[in-house]
Undergrad: 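Could you have a look at this structure, given as structure tokens, before my questions?
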Amino acid sequence: MAWPTDIAKLSRVRALMKEQDLDALVVRAPDNVVYLSNYWCMKGYDALVFPREGESTLIALERTRRCPAQLVDKDIRLFKGYDEKDPRPPQYRSLDSAIDVLKERSLTRKIGIELNMGTQSADRMVGEPTTPTQIFFDSFRKVAGEVLDATPLLNEARSMKTLQEIERMSLANELAALAMEHVHDHIRPGMKESEVGAMYEGFVHGLGVGYKGKVEMARAFTLVWSGKELRPLRLPVTALFRSTSPRCWKSGYVWTAIGRT
């Protein structure tokens with residue numbers, strides 16, 4: 001199910017990096033890691049060193065058994081989730097590895113990191129963002145000559161979609177629509193919100209993995225409200241579902257709703 005490297009997308013990012021005279025980007029938000037590498041992290045501890053020139057380096061949790069085919073021939077540094085010799089949380093081992101890569105490849109002159117986007121997308125397992133501590137940001141400032149906020153650059157790059165991205169977004173929207181039809185047909189009075197959410201999530205995961213031979217992983221993370229709880233929102237629906245796009249990929253959320261006005 002490997003997608004070819006999206007040269008147009010990566011070239012646009014590198015062109016923007018050249019404009020800002022950046023040696024490298026270091027990203028850790030799951031959606032940015034996916035955007036630049038096609039790898040969706042397990043727990044939100046992973047990172048990617050994306051240089052202006054040369055191949056990127058993925059820093060991934062050791063328990064990750066498989067990486068996308070696009071990354072097989074690239075530099076992958078694994079770190080332990082639990083290390084008997086290091087009592088720190090795993091994200092600090094990921095941080096150490098990222099800094100080592102910058103030093104090894106002489107990329108410490110001027111770098112970009114995500115300074116103002118603490119939470120945007122979930123990892124593949126728990127459905128909640130993993131936020132960095134101040135130590136994460138300070139560590140890069142200690143080794144790099146200059147550290148800039150990479151978020152505006154990435155936002156500009158991601159605002160323009162390539163043909164491959166449009167195809168992936170279409171797959172995500174197809175799965176979201178099919179899941180809504182399934183829930184619409186099977187929802188019944190008296191169901192708990194958790195039952196309805198599980199119905200939607202299970203459908204996306206079950207049908208989505210391997211969908212049309214193009215989707216490696218599909219997950220939905222639902223937020224279901226009903227009855228009186230909806231009144232403060234002033235929405236004419238009886239339930240809302242928020243699902244992150246399956247691994248097709250697109251950024252942001254697919255919002256769908258069922259009910260009656």
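Predicted model, so just to flag it, every value in this text is computed and none were measured. In this chain, numbering begins with 1 at the start of the sequence shown.
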Undergrad: Pick one: which of Asp149, Asp31, Val27, Leu16 meets side-chain contact (heavy atoms from CB on, under 4.5 Å) with Leu154?
TA: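 For Leu154, the side-chain contact (heavy atoms from CB on, under 4.5 Å) check succeeds only for Val27.
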Undergrad: In terms of side-chain geometry, is the basic nitrogen of Glu165 or Arg158 positioned less than 4.0 Å from the acidic oxygen of its partner?
TA: no
Undergrad: Do Leu148 and Ile111 touch side chain to side chain, with heavy atoms closer than 4.5 Å?
TA: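 SC-SC contact between Leu148 and Ile111 ruled out.
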Undergrad: Is any side-chain N of the basic residue among Arg88 and Asp86 closer than 4.0 Å to the acidic one's carboxylate O?
TA: yes
Undergrad: Let me confirm one number: the CG-CG distance from Leu25 to Leu153, rounded to the nearest 0.5 Å.
TA: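 Taking CG in Leu25 and CG in Leu153, the distance rounds to 6.0 Å.
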Undergrad: Compare every heavy atom of Ala98 with every heavy atom of Val26, then report the nearest pair and how far apart it is.
TA: CG1-CB, 4.3 Å
Undergrad: How long is the straight-line distance from OG1 of Thr162 back to CD of Glu167, given to the nearest 0.5 Å?
TA: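 One finds 10.0 Å between CD of Glu167 and OG1 of Thr162.
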Undergrad: If the condition is ring-ring contact (aromatic ring centres under 6.0 Å, His included), which residues does Phe140 pass it with, not counting sequence neighbours?
TA: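 Scan of Phe140 (ring-ring contact (aromatic ring centres under 6.0 Å, His included), adjacent residues dropped) gives Phe136.
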Undergrad: When you measure from the side chain of Glu62 to the backbone of Gly81, do you find a donor-acceptor pair of N or O atoms at a distance under 3.5 Å?
TA: no
Undergrad: Examine distances only and state if a side-chain atom of Glu114 and a backbone atom of Arg28 form a donor-acceptor pair shorter than 3.5 Å.
TA: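 Judged by distance alone, yes, a pair lies under 3.5 Å.
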Undergrad: Under 4.0 Å between a side-chain nitrogen and a carboxylate oxygen: does that hold for Asp23 and Arg109?
TA: yes
Undergrad: Take Phe50 and Leu10 through the test side-chain contact (heavy atoms from CB on, under 4.5 Å) and record every step on the way to the result.
TA: CA-CA 10 Å; Phe50 185 82; Leu10 300 184; 4.1 Å; yes
Undergrad: Between CG of Leu102 and OG1 of Thr57, what distance do you get to the nearest 0.5 Å?
TA: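 Reported to 0.5 Å precision, the distance equals 9.0 Å.
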Undergrad: For the atom pair CZ (Arg52) and CZ (Arg14), what is the distance rounded to the nearest 0.5 Å?
TA: 10.5 Å
Undergrad: Can any side-chain N or O of Gln164 pair as donor or acceptor with the backbone N or O of Pro4 at less than 3.5 Å?
TA: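 Judged by distance alone, yes, a pair lies under 3.5 Å.
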Undergrad: Met180 and Tyr200: side-chain contact (heavy atoms from CB on, under 4.5 Å), yes or no, with the steps?
TA: CA-CA 7 Å; Met180 281 307 303; Tyr200 187 100; 3.5 Å; yes
Undergrad: Do Val13 and Ile166 belong together in a cluster built from hydrophobic side chains that touch within less than 4.5 Å?
TA: no
Undergrad: Measure from the side-chain N and O atoms of Thr5 to the backbone N and O of Ile7, and report whether any donor-acceptor pair falls under 3.5 Å.
TA: no
Undergrad: Donor-acceptor pair, distance only, cut-off 3.5 Å: does the side chain of Trp40 make one with the backbone of Val33?
TA: no
Undergrad: Could you check if a side-chain atom of Ile76 sits within less than 4.5 angstrom of a side-chain atom of Tyr39, using non-hydrogen atoms only?
TA: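 Side-chain contact under 4.5 Å: no.
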Undergrad: Any donor-acceptor pair under 3.5 Å linking the side chain of Lys110 with the backbone of Gln20?
TA: yes
Undergrad: Closest approach of Pro51 and Arg105, non-hydrogen atoms and distance?
TA: CG-NH2, 3.6 Å
Undergrad: Can the positive tip of Arg93 be found less than 6.0 Å from the middle of the six-membered ring of Tyr45, inside 45° of the ring normal?
TA: no
Undergrad: Taking C-beta and beyond as the side chain, do Phe79 and Ser94 meet within less than 4.5 Å on heavy atoms?
TA: yes
Undergrad: Does any non-hydrogen side-chain atom of Val209 lie less than 4.5 Å from one of Val215?
TA: no
Undergrad: Could you give all pairs that pass the side chain to side chain donor-acceptor pair (under 3.5 Å) test and reach residues 134-145, with sequence neighbours left out?
TA: Gln134-Asp138, Asp138-Arg141
Undergrad: Could you check whether any side-chain heavy atom of Leu115 comes within less than 4.5 Å of a side-chain heavy atom of Thr151, counting everything from C-beta outward?
TA: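 Sidechains of Thr151 and Leu115: no contact.
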Undergrad: Any side-chain heavy-atom pair from Glu104 and Asp100 closer than 4.5 angstrom?
TA: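 A side-chain contact exists here, since the closest heavy-atom pair is under 4.5 Å.
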Undergrad: Please evaluate residues Val196 and Val183 with respect to the criterion side-chain contact (heavy atoms from CB on, under 4.5 Å), reporting the C-alpha separation (whole Å), side-chain torsions for both, the decisive distance (0.1 Å), and the verdict.
TA: CA-CA 7 Å; Val196 178; Val183 173; 3.8 Å; yes
Undergrad: Just verifying a value: how many Å separate Leu22 CG and Glu146 CD, rounded to the nearest 0.5 Å?
TA: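 Spacing of CG (Leu22) from CD (Glu146) equals 8.5 Å.
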Undergrad: Distance from Glu55 atom CD to Ser37 atom OG, nearest 0.5 Å?
TA: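 Between Glu55 CD and Ser37 OG, I get 12.0 Å after rounding to 0.5 Å.
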Undergrad: Using atom types as modelled and distance alone, determine if a side-chain donor or acceptor of His205 lies under 3.5 Å from a backbone N or O of Ala218.
TA: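 Indeed, once roles are kept as given, a pair shorter than 3.5 Å links the two residues.
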Undergrad: With the threshold set at 4.0 Å, does a side-chain nitrogen-carboxylate oxygen contact exist between Arg77 and Asp46?
TA: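 Not counted as a salt bridge, because no side-chain N and carboxylate O are separated by less than 4.0 Å.
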Undergrad: I need the full list of salt bridge (Lys or Arg N to Asp or Glu O under 4.0 Å) pairs touching residues 174-191, with sequence neighbours left out, sorted by first then second residue.
TA: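 Sorted result for residues 174-191: Glu174-Lys212.
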Undergrad: Indicate yes or no: at least one non-hydrogen side-chain atom of Pro132 is less than 4.5 angstrom from one of Gln91.
TA: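 Pro132 vs Gln91: side chains apart.
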Undergrad: Is it true that a side-chain atom of His186 and a backbone atom of His182 form a donor plus acceptor pair closer than 3.5 Å?
TA: yes
Undergrad: Would you check if Leu78 and Leu61 make a side-chain contact, meaning some heavy-atom pair closer than 4.5 Å?
TA: no
Undergrad: Apply side-chain contact (heavy atoms from CB on, under 4.5 Å) to Asp6 and Tyr35, showing your working.
TA: CA-CA 10 Å; Asp6 196 336; Tyr35 179 72; over 6 Å; no
